[in-house]
Asks: 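Structure below; questions to follow.
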2 protein chains.
Amino acid sequence: MKKKLSISDIARSLNISVTTVSFILNGRAEEKRISEELVQRVQKYIAEVGYKPNSLARSLRTGKSNTIGLMVEDISNPFFANIARMIEDNAYKNGYKILYCSTDNDTEKTKDLIQMFQERHVDGYIIAPPDGVEEEINTLISSGSPVVLFDRNLPGVHTDYVGIDNYGSTYHAINYLIRKGYKNIAFITLYSLQSQMQERMQGYESALAEHQMNQHIKEIPYSNDPDDIIKHVSAFLSRKKEVDAVLFGTNYLAVSGLRAIYNLGLKIPSDLAVIAFDDHDVFELSNPSITAIKQPIQEISGEVINLLLKGLKSPSKLKKPESLILKTTLELRKSSK
Amino acid sequence: MKKKLSISDIARSLNISVTTVSFILNGRAEEKRISEELVQRVQKYIAEVGYKPNSLARSLRTGKSNTIGLMVEDISNPFFANIARMIEDNAYKNGYKILYCSTDNDTEKTKDLIQMFQERHVDGYIIAPPDGVEEEINTLISSGSPVVLFDRNLPGVHTDYVGIDNYGSTYHAINYLIRKGYKNIAFITLYSLQSQMQERMQGYESALAEHQMNQHIKEIPYSNDPDDIIKHVSAFLSRKKEVDAVLFGTNYLAVSGLRAIYNLGLKIPSDLAVIAFDDHDVFELSNPSITAIKQPIQEISGEVINLLLKGLKSPSKLKKPESLILKTTLELRKSSK
DNA sequence: ATGAAAGCGCTAACAC
DNA sequence: GTGTTAGCGCTTTCAT
């Protein structure tokens, strides 16, 4: 277990000053007009002894940690896991590491988490926020940290946002079902004030209203336990026999919803047509396969990290917030006739 | 944007020394016999002004970062995403944050990643390693960092490990297929030297050997692109018409494999029985549902974090490595007659 | 029971 | 071009 080397050890061994070493380390040799030969010598020595700067000390000194805080609803949800993966790749490529956490859509938990990240001096935040954390996020922003929101926006928070056209997505999906002749179209969604869920609901309502059709809405409280969801969906569908099509508000509602539907012995699409919001491997391989509103995950992650890196580069005050609303696609499969 | 407070600001405002504040902050007031009244006063003030110690400075001083490095094959794979979620919950509960990364089973990438984590002074490592990083991991261990390996073990590395009975799992699965009367059972697996894949292969081979049955093995190179896998599986199955059952070595091989099977127009289980290694939402909801070898994810994560926390507490030298081999269950579904 | 002060390893303003 | 040095904010030894 050899002793960790420090910059002064290097300087001493080479008989030069720490400043010189530091400048070379930070690629400022040219700028400081340090002789090419010295640079070579230092780099060779550093490689030889395997010296690595202590990033903690560096961070303490510079105030930058080269770390990004990623806060999602649940890292085990495939939508977020996929986004996390793409963001990771991009961040590492740019010299940033990722600290992650799952909020469970819990406002208090999220506040704690934000504080933890703050104490850790993460350089920037990527957040899919629950509602109720507007104030904390505004504090973050006004203290100069770049923040990119995604998946759901926060009213009253002035920062970069990447989302999708939720309203249009459900609006079109419902119109598709109407064209196919379904008469009683239900919307099974999360009991939530989050912007994306509200917009999805509005799209559903508008489409029905335009055709003077009845609403059948079921809002289910957020839960980590699939069985809770299954129970709610079962109860709803057993009660509402007239429902002949259902749009699920999120992918995991749909996954649990499918279980409920199979448990009830309902046949898709003859008894019930199904569309899910957010795609999932399950939907392609189910039999029948399930039509889904597909978010452009790659594009979302790309824009998110892109905006954050931009924010990291330029002082946030100079940059005015951008909002990107991306298009979804309705992936037609066999779950509707 | 108010100036960040430091411990000396607190001390100055309260007219006491930083030492005292530090002791109180670190819960050593009792031990240092600081008057109860002073402790109260300091804590009240700290809460009032919202002072938060700078964890960077603390880490620099103590050498502990309260961060755990989590390295998995691919965070977007549901198996790893689920483990990540459970590990996160436990770690945060114990005051640790998680830095994660995906190795893509790439030896060189993993070496880089290990180095990055080392530079970050993570306190401990949880790794599902590719092969070829034995040396790097041994260096980590001998430098005193606790390391817990999971999912696959590394020969020659002496550290905690949590895995499953891979050999027994495939052995039993194949025997089950044999009992059901299948004659030409294929094993579609990863082209890999990793311990868990080798063991799975051995279980397959032993079971067949005991019944003097022919092997049909297809090893597919690791790829992030599902289409690559689909192509390989399609080619293999079109060539090997006699195959009447197939065991997939990992869940994502099975997910892509199912696509290949459907593309070829094969019917499960009449044309082909299917078993997957690792469960997945897809398998339960597919029609027919797919039999799978299910890993006890909760138990795995629990043991992993448990071992790591143990290692974090006691100097690793004093602790002798533990290896935990957990049992899987064969989740019988409809993909075999 | 409390305080002074020496660093942890690094960066960068300033001096030469 | 290169060196000296003052911190970044904290912990902890040693002194009182």
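Computed from heavy atoms alone, side chains included, the values below leave out hydrogens, waters and symmetry copies. The chains referred to below are lettered A, B, ... by the order of the sequence lines, with proteins before strands, and numbering in each begins at 1.
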Asks: So A:Phe79 and A:Phe150, would you call those rings parallel, tilted or perpendicular, with 30° and 60° as cut-offs?
Replies: tilted

Asks: Looking at every strand, decide which applies to A:Ser59 at a 4.0 Å heavy-atom threshold: base, sugar-phosphate, or nothing.
Replies: nothing

Asks: Going by the rule ring pair (Phe, Tyr, Trp, His ring centres under 6.0 Å), which residues pair with B:Phe117 if we only count those two or more places apart in sequence or in a different chain?
Replies: none

Asks: How long is the line joining NE2 of B:His121 and C1' of C:dG9, in whole Å?
Replies: 9 Å

Asks: Please list each protein N or O that sits under 3.5 Å from an N or O in nucleotides 6-8 of chain C, with the distance.
Replies:
| unit_1 | atom_1 | unit_2 | atom_2 | d |
| --- | --- | --- | --- | --- |
| C:dG7 | N2 | B:Arg61 | NH1 | 2.9 |

Asks: Going through the distances and angles, do B:Arg120 and A:Thr67 end up as a side-chain hydrogen bond (donor to acceptor under 3.5 Å, both in side chains)?
Replies: CA-CA 10 Å; B:Arg120 285 310 178 102; A:Thr67 305; 2.8 Å; yes

Asks: Would you mind checking if B:Asp112 and B:Lys109 are paired as a salt bridge, meaning a charged N to carboxylate O distance below 4.0 Å?
Replies: no

Asks: For the pair made of CD1 in A:Ile7 and C1' in D:dG3, what is the distance, rounded to whole Å?
Replies: 13 Å

Asks: With heavy atoms under 4.0 Å as the rule, sort A:Leu56 into base, sugar-phosphate or nothing.
Replies: nothing

Asks: Give the minimum heavy-atom separation between B:Gln196 and B:Asp151, together with the two atoms involved.
Replies: CB-O, 3.3 Å

Asks: What pairs of residues pass the salt bridge (Lys or Arg N to Asp or Glu O under 4.0 Å) test when at least one of them lies in residues 38-60 of chain B, not counting sequence neighbours?
Replies: B:Glu37-B:Arg41, B:Lys44-B:Glu48

Asks: Within a 6.0 Å radius of atom CD on A:Glu135, are there more than 12 heavy atoms belonging to other residues, nucleotides or ligands?
Replies: no

Asks: What integer distance in Å separates A:Arg120:CZ from D:dG9:C1'?
Replies: 15 Å

Asks: Between C1' on D:dC10 and CG on B:Asn66, what's the gap in Å once rounded to a whole number?
Replies: 14 Å

Asks: Quick one: B:Arg12 CZ to C:dA4 P, roughly how many Å, whole number?
Replies: 12 Å

Asks: Find the bend of the helix from C:dA1-D:dT16 to C:dC16-D:dG1 as the angle between its two terminal axes (five pairs each), to the nearest 10°.
Replies: 40°

Asks: Considering residues at least two apart in sequence or located in another chain, which fulfil the ring pair (Phe, Tyr, Trp, His ring centres under 6.0 Å) criterion with B:Tyr100?
Replies: A:Tyr100

Asks: Do A:Glu88 and B:Ser102 have side chains that get closer than 4.5 Å, going by heavy atoms?
Replies: yes

Asks: Assess whether atom CD of A:Gln298 is packed by more than 12 heavy atoms of other residues, nucleotides or ligands within 6.0 Å.
Replies: no

Asks: From CD1 of B:Ile10 over to P of D:dT11, roughly how many Å is that when rounded to an integer?
Replies: 13 Å

Asks: Using a heavy-atom cut-off of under 4.0 Å over every strand shown, decide if A:Ser55 touches base, sugar-phosphate, or nothing.
Replies: nothing

Asks: Verify the contact: side-chain N or O of B:Ser17 to OP1 or OP2 of C:dG3, cut-off strictly under 4.0 Å; return yes or no.
Replies: yes

Asks: Please determine whether salt bridge (Lys or Arg N to Asp or Glu O under 4.0 Å) holds for the pair A:Asp89 and A:Arg85, giving the CA-CA distance in whole Å, both sets of side-chain angles, and the decisive distance to 0.1 Å.
Replies: CA-CA 6 Å; A:Asp89 283 347; A:Arg85 177 56 207 270; 3.4 Å; yes

Asks: For A:Lys32 and C:dA12, what is the distance between atoms NZ and P respectively, to the nearest whole Å?
Replies: 9 Å

Asks: Atom CD of B:Gln40 to atom P of C:dA1: distance rounded to whole Å?
Replies: 17 Å

Asks: Would A:Asp74 and A:Ser76 count as a side-chain hydrogen bond (donor to acceptor under 3.5 Å, both in side chains) if you check the C-alpha gap in whole Å, the side-chain angles of each, and the deciding distance to 0.1 Å?
Replies: CA-CA 5 Å; A:Asp74 177 2; A:Ser76 69; 2.9 Å; yes

Asks: Ignoring backbone atoms, test whether B:Tyr51 places a side-chain nitrogen or oxygen under 4.0 Å from the OP1 or OP2 oxygen of D:dC10.
Replies: yes

Asks: Contact list please: residues 18-31 of chain A against DNA chain D, heavy atoms, distance less than 4.0 Å, in numerical order.
Replies: A:Val18, A:Thr19, A:Thr20

